[in-house]
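Letters A, B, ... mirror the listed sequences (proteins, then strands); counts begin at 1.
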Amino acid sequence: MNLVRAIRVAFSALVLLPLSAYADDPLSISILYLEEKIARPPVLSRLVVFPEDEGLQGAQLGVDDNNTTGKFLKQEYQLQSLIVAEGESVDESFISALADSPGLVIANVSKSALLRITALPEAENILFFNATDQSDTLRSVDCRANVLHTMASRSMLSDALMQFYSLRKWRELFLIEGAHEGDSEYADAFRRSAKKFGLSIEHDKKWLANADIRRTAAQEIPVFTQARKYDALLVADEQRDFAPYLLYNTWLPRPMGGSAGLKPEVWSSVVEQWGAVQLQTRFNKLADRGMTGVDYANWAAVRSIGEAVTRTKSTDANVIREYLLSEDFELAGFKGAALSYRNWNGQLRQPIPLVHPEAVVANAPIAGFLHQSNELDTLGLDRTESKCGEF
Amino acid sequence: MKLFSLPLTQVAKLTAVAMYLTISSAEVFADWVYVTNEKDDTISIIDTGTNEVINTLEVGERPRGLTIGKDNKLLFICASDSDTVQVMDIATNKILHELPSGEDPEQFALHPDNKHLYIANEDDAVATVVDIESRTVVAQIDVGVEPEGMAVSHNGKWAIVTSETSNMAHWIDTSKNEIVANTLVDQRPRDAEFNADDTELWVSSEIGGTVSIIDTTTHEITHTLTFEIPGVSASRIQPVGMELTSDGKLAFIALGPANHVAVVDRSNFEVIEYILVGRRVWHLALTPDETSLYTSNGVSGDVTMVDVEQLKAVKTIKVGRFPWGVAVLPASAIPQ
């Protein structure tokens, strides 16, 4: 064999090898589902229940969807789940899981745990998806380059609601802030959003969690909400402690939104437009219950990975991250607009449905709220508002 | 439009001819347009001569796709929530029987042999092939998540399924009813159409906002169409139903909640016009002479008639709630 031919053969072998390898060997993608069981504070109603398998079922549906697609592309997705019981250390459990060198992690943990594990030196080349925490600081001053957020931030939810209030010209507002963790952040988000959309919070009160109002709501709440004028109320009570009892008991008969009444949600079992019924049906079949926002955020994280692997043909976390943050990535998420990631803080752009228990009232961004590049960026921290410098 | 100066007599003559054509087409050449009303469980029939609804028929639950048999005798209706495909006798408007369609049939396409119906079963990630004569399932083919669009090539060689969540067009070889190739397209592919000589497959991507034109020999995308309408947010431009003229010159693409139909010049793949129609335009159908186009407008509950020569919306016709599928019965086949 002369030299030229030898080079040619070597060259063609080099070209053919990856192709044939791609065609024969399935690409195996392992995703770690990490969940911290969090003790919830007691609430007034004994009927408020948060599903035990919330999150995990969403991630599982994402894996099932990816595998249905994957069989045509020779991809196999596996979900490893690591659920940390109440009182156990997330850090220790996660460190022990590092032995399997996970590249992709869907995190359903508290903000403090997320900040600790993502800062570990071993986490540098891991891509995390935050599918639970709604803190705005995680998308701003506390952001991390290796964390993307499929859960919406509180300010995305509050902006969505304020756009609707603004559309309905409900300008003078009465805000009620709960006493549990997160409520003050949600209330702050309402204050910022009201300002952003030109509404004014005329009355701003803290709920005092010292009474069982189930039987006396009719006496207490009118007094608590007494004021001469307001167009609508806002409630920040993420644990649904007192919020369910406010409706129809306010001093002035006015609409209410936030944690009661009209809720801005990442997902809800009443969403049916844009083909959503198909996702709801698949989820119900799998989990035997309705799909929640946390389930949706987990599903969206796994589907994002699926799209990135399909388009880049790579399972490397850094390649996936780069693709997800690029302009090429978009995901159909049954919400009427393509989902994509903000390249300044890793937040998944998404429409926010405003719902009551039986129907969708509106889908934000509300038509007419314009943005110079993408109307979804009228919800939450825009490029200039986020103080994230990691991206 | 340019104005020509013509002698008055000629103008009068032309007007007379035009009037004659209009009148005669109304009387002699009127076709029937069948429209499924998804949320009324009915079908509206429009007479294209008068552009009025002449009949409303009750059918199964949540009717979506519909197609007319190659011999113009039978109408096939996807009754999605009844999990069946209904077969209606066009002469009597009676449902003759139901076909074993698999669960949640959404769209389908009839093979040119007028014997095999290819059905997308959205909830089950399968496509079902039914023999419409023996009313039996011939094959079930595993496809991607949420199969939706269905097309069979004019030469009968290919059946295409688009799966909305897998973002693929699956190529089914109809001689063995197996998938032999997959083409990745943009997000949420909804509709597939072959051009007249089966050299191109057009696939619309609702959330991607694009239309992919795919070479049928290589299964590779050769062109990607994008759309832009001044004053309409990009996220509302969601291509769904498509119609291609048989002369190879034009393509019509329904843009969903953008409420417009894009008209594409196929010689250079440029959009030459956006026609404003009703709200959330889903599907389209050309009349057999390809002089008019009928669009189903889901949210406004009406149908728009578009003049293909002028590229203008001419008339809006109120139908039932959430019109979705459209099919045209040629004048020659209208029952007497």
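- Of the atoms belonging to A:Leu331, heavy atoms from both backbone and side chain fall under 4.5 Å from chain B.
- No more than 12 heavy atoms of other residues, nucleotides or ligands shown are found within 6.0 angstrom of CD on B:Glu228.
- For the atom pair B:His170 NE2 and A:Phe72 CZ, the distance stands at 4.5 Å (nearest 0.5 Å).
- For the pair B:Val145 and A:Thr69, the minimum side-chain heavy-atom distance is below 4.5 Å.
- Counting non-hydrogen atoms of other residues, nucleotides and ligands closer than 6.0 Å to CD of A:Glu272 gives a total of 12 or fewer.
- Other residues, nucleotides and ligands contribute only 12 or fewer heavy atoms inside 6.0 Å of the NZ atom of B:Lys176.
- Within a 6.0 Å sphere centred on CZ of A:Arg321, other residues, nucleotides and ligands contribute more than 12 heavy atoms.
- Heavy-atom pairs under 4.5 Å with chain B were tallied for A:Val277, A:Thr281, A:Leu339; the largest tally goes to A:Thr281.
- Considering CD of B:Glu122 and CZ of A:Arg282, their distance stands at 9.0 Å, rounded to 0.5 Å.
- Residue contact with chain A, scored on non-hydrogen atoms closer than 4.5 Å, involves the backbone and the side chain of B:Asp142 alike.
- The candidate from B:Glu164, B:Arg188, B:Glu148 with the greatest count of non-hydrogen atom pairs under 4.5 Å with chain A is B:Arg188.
- In this structure, B:Ile207 and A:Trp274 have side chains that are not in contact, with every pair of non-hydrogen atoms separated by 4.5 Å or more.
- With values rounded to the nearest 0.5 angstrom, A:Lys71 atom NZ is found 8.0 Å from B:Ser166 atom OG.
- Heavy atoms from other residues, nucleotides or ligands lying under 6.0 Å from CZ of A:Arg289 number more than 12.
- If you tally non-hydrogen atom pairs under 4.5 Å between each of A:Glu307, A:Glu330, A:Lys285, A:Arg303 and chain B, the highest count goes to A:Glu330.
- Of the inter-residue distances, the one linking B:Glu146 atom CD with A:Thr68 atom OG1 reads 10.0 Å to the nearest 0.5 angstrom.
- A:Glu375 touches chain B through its side chain: at least one heavy atom from C-beta onward sits under 4.5 Å away, while N, CA, C and O do not.
- Between B:Asp123 and A:Gln278 the shortest side-chain heavy-atom distance falls below 4.5 Å.
- The shortest distance between side-chain heavy atoms of B:Asn167 and A:Arg311 falls below 4.5 Å.
- In the displayed structure, B:Glu98 atom CD is contacted under 6.0 Å by more than 12 heavy atoms of other residues, nucleotides or ligands.
- Rounding to the nearest 0.5 Å gives a distance of 7.0 Å between OG of B:Ser235 and CG of A:Asn374.
- Heavy atoms closer than 4.5 Å to chain A are found in the side chain of B:Arg280, but not in its backbone.
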